[in-house]
Amino acid sequence: MPKKNMVAMILAGGQGSRLGVLTNNVAKPAVPFGSRYRIIDFPLSNCSNSGIDTVGVLTQYQPLDLNTYVGTGHPWDLDRNNGGAFILPPYQKIEGMDWYKNTANAIYQNINFIDNFMPNYVLILSGDHIYKMNYDLMLKQHIEEKADATIAVLEVPWDEAPRFGIMNTDESGRNIIEFEEKPAEPKSNLASMGIYIFTWSVLRKELLADEENPDSSHDFGKDIIPSMLSQDMKLSAYHFSGYWKDVGTIRSLWDANMDILDKQDEINFRDSAWRIYSRNPVKPAHYISSEATVKNSCMTDGCVVYGEAEHTVLSHSCVIEEGAIVKDSVLMPGVKVRKGAIVDKAIIGMNTIIGEGCKIGGKPDPQNPYYNKKLCSDEIVVLDRGLIIKDNAVIPGNCMVEHRPDLTEGNVVEDVVQVW
Amino acid sequence: MPKKNMVAMILAGGQGSRLGVLTNNVAKPAVPFGSRYRIIDFPLSNCSNSGIDTVGVLTQYQPLDLNTYVGTGHPWDLDRNNGGAFILPPYQKIEGMDWYKNTANAIYQNINFIDNFMPNYVLILSGDHIYKMNYDLMLKQHIEEKADATIAVLEVPWDEAPRFGIMNTDESGRNIIEFEEKPAEPKSNLASMGIYIFTWSVLRKELLADEENPDSSHDFGKDIIPSMLSQDMKLSAYHFSGYWKDVGTIRSLWDANMDILDKQDEINFRDSAWRIYSRNPVKPAHYISSEATVKNSCMTDGCVVYGEAEHTVLSHSCVIEEGAIVKDSVLMPGVKVRKGAIVDKAIIGMNTIIGEGCKIGGKPDPQNPYYNKKLCSDEIVVLDRGLIIKDNAVIPGNCMVEHRPDLTEGNVVEDVVQVW
Amino acid sequence: MYNKVIGLILADDLAINLGELSYSRGIGAMPFGGRYRLIDFALSNFVNTGMLTIGVSTFLKYRSLMDHLGTGAAWDLDRMNQGLHILPPNYGLEAHSGESYDLTGLWDFYRDFSHPYIIISTCHCVFNMTYEDFIETHINSGADMTVLYNEDGYRCGSPITFFDIDENNRITGVYYNPEKPKSNNTSVGTLIMHRELFVDLLSNMMSRGIQDASFLTFLRMFKTYDIRGYKFEGEALRINSIQSYFNETMRVLSDPVRSQIFYGEYPIYTKVKDEAPTYYNDSCVVDNSMISDGCVIQGTVQDSMLFRGVTVSGQSTVNNSILFQDTFVSEGCQLENVIVDKNSVIRPGTKLIGNPNYPIVIGKGVIV
Amino acid sequence: MYNKVIGLILADDLAINLGELSYSRGIGAMPFGGRYRLIDFALSNFVNTGMLTIGVSTFLKYRSLMDHLGTGAAWDLDRMNQGLHILPPNYGLEAHSGESYDLTGLWDFYRDFSHPYIIISTCHCVFNMTYEDFIETHINSGADMTVLYNEDGYRCGSPITFFDIDENNRITGVYYNPEKPKSNNTSVGTLIMHRELFVDLLSNMMSRGIQDASFLTFLRMFKTYDIRGYKFEGEALRINSIQSYFNETMRVLSDPVRSQIFYGEYPIYTKVKDEAPTYYNDSCVVDNSMISDGCVIQGTVQDSMLFRGVTVSGQSTVNNSILFQDTFVSEGCQLENVIVDKNSVIRPGTKLIGNPNYPIVIGKGVIV
């Protein structure tokens, strides 16, 4: 294998439990997003556009969809003879076997993989952020600053800072002197974006030491970065100022989808200099009938609209039948909304069918068997993939619906269909 | 995903411990074989030639080489849009996580994968056999016989039968009535080749039942087949008569390599109607100098021979320097034999360098620190990959050499080099 | 079918003139239906029948076709032994002008396969079907060739081929652009015969110095060979002039034609390109239109077909029109009965109103 | 280099005549060195320099070249935006004969990229180098063009181009096949210039009705433009006749030429084919030969180059010869100073003895 200057490792993560039923059967990075994409399209496209051609995707949770989706990386131009996209599951070694215990441990278990490319630098990414970033510029700063690690940071509103990992810098704003995880009283509003460049020789040593440390939780933010700070290593802050969103919760996933309608100029999928690539099936151009109304919405191939779509994101092959109204919602691929149904502020999983006359959304009802305050907020309804919802069913806001054969009263699911 | 008539599942297995150092860093199916191939080329090429275009490769031990080697399956024409080659590691599900416990359990954990293709039949293969077989003919018999399972069997010499899983049939020779694992007094000499076709609906039920059975070891031979027999299901024997070799031991791996020199007509790599495909790097044509002698040997691109090769299999990029003699040996890719060294009956791992004047092989010496009677027999020497053997080192027969920093006296390894 | 029937697509046709639209492309590479090229339909019908070895014969401006087809991966035809083969004319041979299919090249390619049958398909008929029953019928009939036809004759413009068919489905007459057609039976541009017969026919033509062969050449052999007709019952769109290109596009917008062509049991494959999703703003109005990915719709679009990346700005109206890839319609325009080739820009306030029987054609990359 | 320098390979050359060997292929598709085609060397030099956008201009019998290059995956050039582009002549244009590089097509292709430099390479010189220093030197010199040369002039046959070079490395004279060359400096068929200059030169030629351009066309501009020479110090094999093809193959068998060409710092890429390993039996004798995969050696092979799948049966001797893919040498043959094109069969007991200065050439698929 030829030497690479920088190798990227995407932490595609374990179960994204805060997305509830949406990650029952798929890893979070494989969740559909923004009409034509999946979440992992963003880091993969960023890598490709930044000239990084060797990308490891670390995954151990429900990897089938993700594996199939990433494949050899062809859609992102990552099917290279020397390098390319690699799916890296945990595996048995001669010394035994181990699941990935945490972010740093996952990289630790793949030291051999990285060593094969003899890189100078390693880029660590998350698989659940929506943003466009040129990692090559970040690397330039890393080299210029002769840093041991460079961490991408974003200015967040001061009142939101306590929700993030905060980087405190010296007066230059470039040198990180302290890291605080979700500080109650933040000293800075520079949030870590979970994007790291490490000089590989430095990180390699840190990972070996961290693995030996019985008190470590083997996390980049909680263990590796503080350890490097304590050794007075040079940690540089790379300031990023574009659109960035963590889509780890139902609310933030809904927000980010709506942003592609409301903040088009910020996300800008039409920038031919920084395209977001994706793998999509061949479907006919979408069709909008004479009776249909489409406002402030986006859709892609294979959709057919006879009803009304307003402020809604439709993925491929969605159908809205006559008289149906879909508002403020996200339809994942293949969703069908039957005649006269009303869908208001919902995220609907792949291939789910909403029966005729259904009423989805609206004022929450804590008595509803599907009511789920823990994961759903702001009246957002979430439906699992592959459900057939009974005609005229009513599902109020803040419900999360999955197939529950135990329910007799209030069960709105007629049947389930196979999805791939 | 479109429906497939038959899906193949290759059990690429756990650690092939009987191959010792040869599988320290790679899964057994990824071990180089026969100059241009890796073991897994045989089941993959058989699938491709039999018209099977959907193949799952189940692996949990050191999968990196294997993953990289199989990739999307392009060399075997298995990079299909609907179907193709899939690497299937164990993974976390919402109910928890589990390593593959045994052959049947590995298939059990991938029931969803198989269901996606809605196959009528499933073909179960091992990743460690050298043979050429048309699975389509086997399927035809399975369908004609209306069998629940069809098992490929091979007539072995009666005195070897106690080493195999033996299928006892009725007088027609086609219906299996009993299975005996390594019987001391075999009633038949029909050995199971570890190749099964199951009607998927039948196997699916059996796997679910087997998983519930706390006494089961979740093995096809030990549990699934006996269970099906006990239920009076129809198990058909498919008689195979070509070349077939299990390469699970050092001795059998050496034998099979020598067979490609001595039994060329039986293995026949030149049959254009049944090609064995492989993934190979681009190297120049090999070169044989004026001083060289090459007898009853085979080699491939990138080799350079100044010395002597007799009854030897050279993989790509091997070098035999002036005055060196290599006999009855298997050189894996990139092996270099320096000036004046003598190599007699050895299997040498990738990129290992034999120093000048070394003497490898010959009469065993049980006092030698590398002497390994458990795995090595018949005076075969095995060297790990990536070793640099000291000049003039002597390594007698039945030794297995790996990097052992603990050895002071008798240590023949000067250094190790990175291999990929 | 994969080892039983081999395919041949005739990607060009000098008889079909699409004016400005065919300046830079042959008929096979002609965009159609928002995101396809005409060849996609012929190719997908083959692939959906399970045929894996397909030759594409070309002679006209085939670079855009080569770019489109690539290795055939989009059709799952990037195979080791089988797969897609582009057969450009062999200009090295002095005998060949490059103005027609290269018979030597075809003969060379097809003689070495072992498939017993060959289906030859042109590109100018758009339909969605699989050929199992067609093949079966041909084999059972014992005929030398079988040709696909339907009864759309009277509604189609020229160039067009009519047949007389007797009660045994045998072709008894072939008429090319007849003034007064005697029947309504017209070819759908697809026929099947023994591969060996095809190779023999080519060899025979070459030996007589004939360098020019078209689909019609084979049909005209009806006196020597037993050629049967097989009636195709579905919708077929015949593209043989700008007017028919326009009419058939309008017809495919509405059901049942739209569903039959695009949403049949099997998909029509084409090369997928990366585009953003199409965005509809608050004030847009869209009626009975097919719209591809990457568009931005701020104005009014009615009864129209929009290809990838088209922008229709505010206060603009697009009616009964076909806009190719990356057309930019500025603000305050009015387009009616217009076909705009790709990369063109319609300047603010432009009014272009054609007649449905004489649509206006705007060339590639033009600024109007 | 990937966004700094774009590549152009001129895959054909009407001036080079390899007789029977070039009957079915242009110079770029000519097999060389056991498993390569000549174009592999030009292409690999580009790829090893890190260039990712490469056009291959062709006009002669390019089907075998297209088959060989495919999507460019073997060279890792199957890229989305960059990658390998085959540029066959645009026969749709009346102006173009198909007998030379299509200037309109080249102009059309190269004007839209943003790479500041272009390297133009022919295919008939075999060498293994990367162009970093060549590019650097060109940029620093401020010259309009820089051309690669070495001092092999006196030992090379024609067609050949000689230069006069002054003390500033500037080209002051260009001579094509001169009777009495005044210097030993000869072109290695590779030059660099600004991409914009290249596009301007093409545009200028086209406007003057010139449809024909070759590598030499640019060198001959040395009076108008500042053209410098860059001396290549390594081994370069010049293939411009059957004799030189034979001689250079013999030369590449031995070190140091073999190591420099095939075992340089970077590999020469080519399309990999599936073959069995080569088998040597008990009685074979092999001396100073390069042998590819899939061969069976039972006889004697000396000072020879064997391509893939060659069989040399027992009691046969092959000396100083080049056997192309799948040559079958039966028992008891004697071959000396022979070039056998692919798929040929040498019948038992055949004796073919050429002269090292006039090797015998056996055509493709012949049974002797």
Side-chain angles (χ1 to χ4, degrees), chain B residues 32-37 41 45 48 72 74-77 79 257 260-262 264-265 267-272 275-306 309-319, chain D residues 31-36 40 44 47 73-76 78 128 252-255 258-259 261-264 266-298 301-311 326:
Chain B
F33 173 80
S35 184
R36 264 187 80 92
Y37 308 98
D41 286 332
S45 300
S48 181
T72 39
H74 178 70
W76 306 271
D77 217 6
D79 51 334
N257 270 288
I260 75 163
L261 301 173
D262 304 334
Q264 283 190 59
D265 294 340
I267 300 194
N268 192 6
F269 291 149
R270 293 189 156 70
D271 179 3
S272 63
R275 234 176 237 287
I276 303 302
Y277 305 107
S278 62
R279 189 187 290 275
N280 272 289
V282 192
K283 297 284 174 182
H286 57 265
Y287 175 72
I288 296 176
S289 83
S290 305
E291 304 78 36
T293 312
V294 177
K295 298 281 175 205
N296 193 20
S297 294
C298 70
M299 68 183 80
T300 181
D301 292 333
C303 292
V304 180
V305 182
Y306 293 96
E310 195 185 327
H311 200 241
T312 283
V313 172
L314 285 79
S315 307
H316 75 79
S317 310
C318 288
V319 177
Chain D
F32 186 80
R35 54 174 309 177
Y36 306 98
D40 292 338
S44 297
V47 169
W75 298 265
D76 214 10
D78 50 332
N128 185 336
V252 88
L253 286 176
S254 312
D255 267 336
R258 182 167 50 84
S259 295
I261 298 292
F262 298 126
Y263 292 89
Y266 293 95
I268 303 300
Y269 296 100
T270 188
K271 187 166 156 187
V272 177
K273 299 234 176 128
D274 278 286
E275 285 288 351
T278 285
Y279 175 70
Y280 295 87
N281 82 347
D282 256 335
S283 57
C284 73
V285 176
V286 184
D287 272 3
N288 187 40
S289 294
M290 285 188 80
I291 297 177
S292 305
D293 270 346
C295 296
V296 177
I297 312 296
Q298 295 160 330
V301 178
Q302 288 175 320
D303 304 314
S304 292
M305 176 71 76
L306 272 56
F307 285 72
R308 295 185 298 111
V310 169
T311 300
D326 293 327

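Reminder, nothing fancy here: chain letters follow the sequence lines and each chain counts from 1. Predicted model, so just to flag it, every value in this text is computed and none were measured.
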Is D:Tyr36 in contact with chain B via its backbone, its side chain, both, or neither, using a 4.5 Å heavy-atom distance? side chain
Minimum heavy-atom distance between B:Cys298 and D:Tyr279, given as atom pair plus value: CB-CA, 4.2 Å
How long is the gap from CG on D:Asp274 to CZ on B:Phe269, to the nearest 0.5 Å? 12.0 Å
Between D:Asn281 and chain B, which part of the residue has a heavy atom less than 4.5 Å away: side chain, backbone, both or neither? backbone
I'd like to check D:Ile291 versus B:Tyr287 (side-chain heavy atoms, cut-off strictly below 4.5 Å). Are they in contact? no
In Å and rounded to the nearest 0.5 Å, what is the CD to CG distance from B:Glu310 to D:Asp282? 7.0 Å
Need one label for B:Val305: side chain, backbone, both or neither, based on atoms under 4.5 Å from any heavy atom in chain D. neither
What one should report as the nearest heavy-atom pair of B:Ser290 and D:Asp287 is O-OD1, 3.2 Å
Nearest heavy atoms of B:Val304 and D:Tyr263, plus distance in Å: CG2-OH, 3.6 Å
With rounding to the nearest 0.5 angstrom, report the CE to CG distance, D:Met290 to B:Asp301. 9.0 Å
Write down the atom of D:Thr278, the atom of B:Arg270, and the distance for their closest heavy-atom approach. CA-NH2, 4.0 Å
Check whether more than 12 heavy atoms from other residues, nucleotides or ligands sit under 6.0 Å from atom NE2 of B:His74, and answer yes or no. no
For B:Asp271, the side chain to side chain contact (heavy atoms under 4.5 Å, CB included) test, sequence neighbours excluded, returns B:Lys132, B:Asn268, B:Ala273, B:Trp274
Main-chain N/O of D:Glu275 paired to B:Arg36 side chain as donor or acceptor, under 3.5 Å: yes
Which bit of B:Ser278 is near chain D, if near means a heavy-atom gap under 4.5 Å: side chain, backbone, both or neither? both
Please flag which part of D:Arg258 lies under 4.5 Å from any non-hydrogen atom of chain B: side chain, backbone, both or neither. side chain
Can you tell me which of D:Ser254, D:Ala276, D:Pro277, D:Pro267 forms the most heavy-atom pairs within a distance under 4.5 Å of chain B? D:Pro277
Roughly how far, to the nearest 0.5 Å, is the CD1 atom of D:Ile268 from the NZ atom of B:Lys283? 12.0 Å
Testing the 3.5 Å rule here: is there a donor-acceptor pair between the side chains of B:Thr300 and D:Asp293? yes
Under 4.5 Å heavy-atom distance to chain B, tell me which part of D:Asp255 shows up: side chain, backbone, both or neither. side chain
With a 4.5 Å cut-off on heavy-atom pairs, point out which of D:Ser292, D:Gly34, D:Ser289 contacts chain B the most. D:Ser289
In terms of heavy-atom proximity below 4.5 Å to chain B, should D:Val286 be classed as side chain, backbone, both, or neither? both
Within this structure, what is the CG-OH distance for the pair B:Leu314 and D:Tyr280, rounded to the nearest 0.5 Å? 10.0 Å
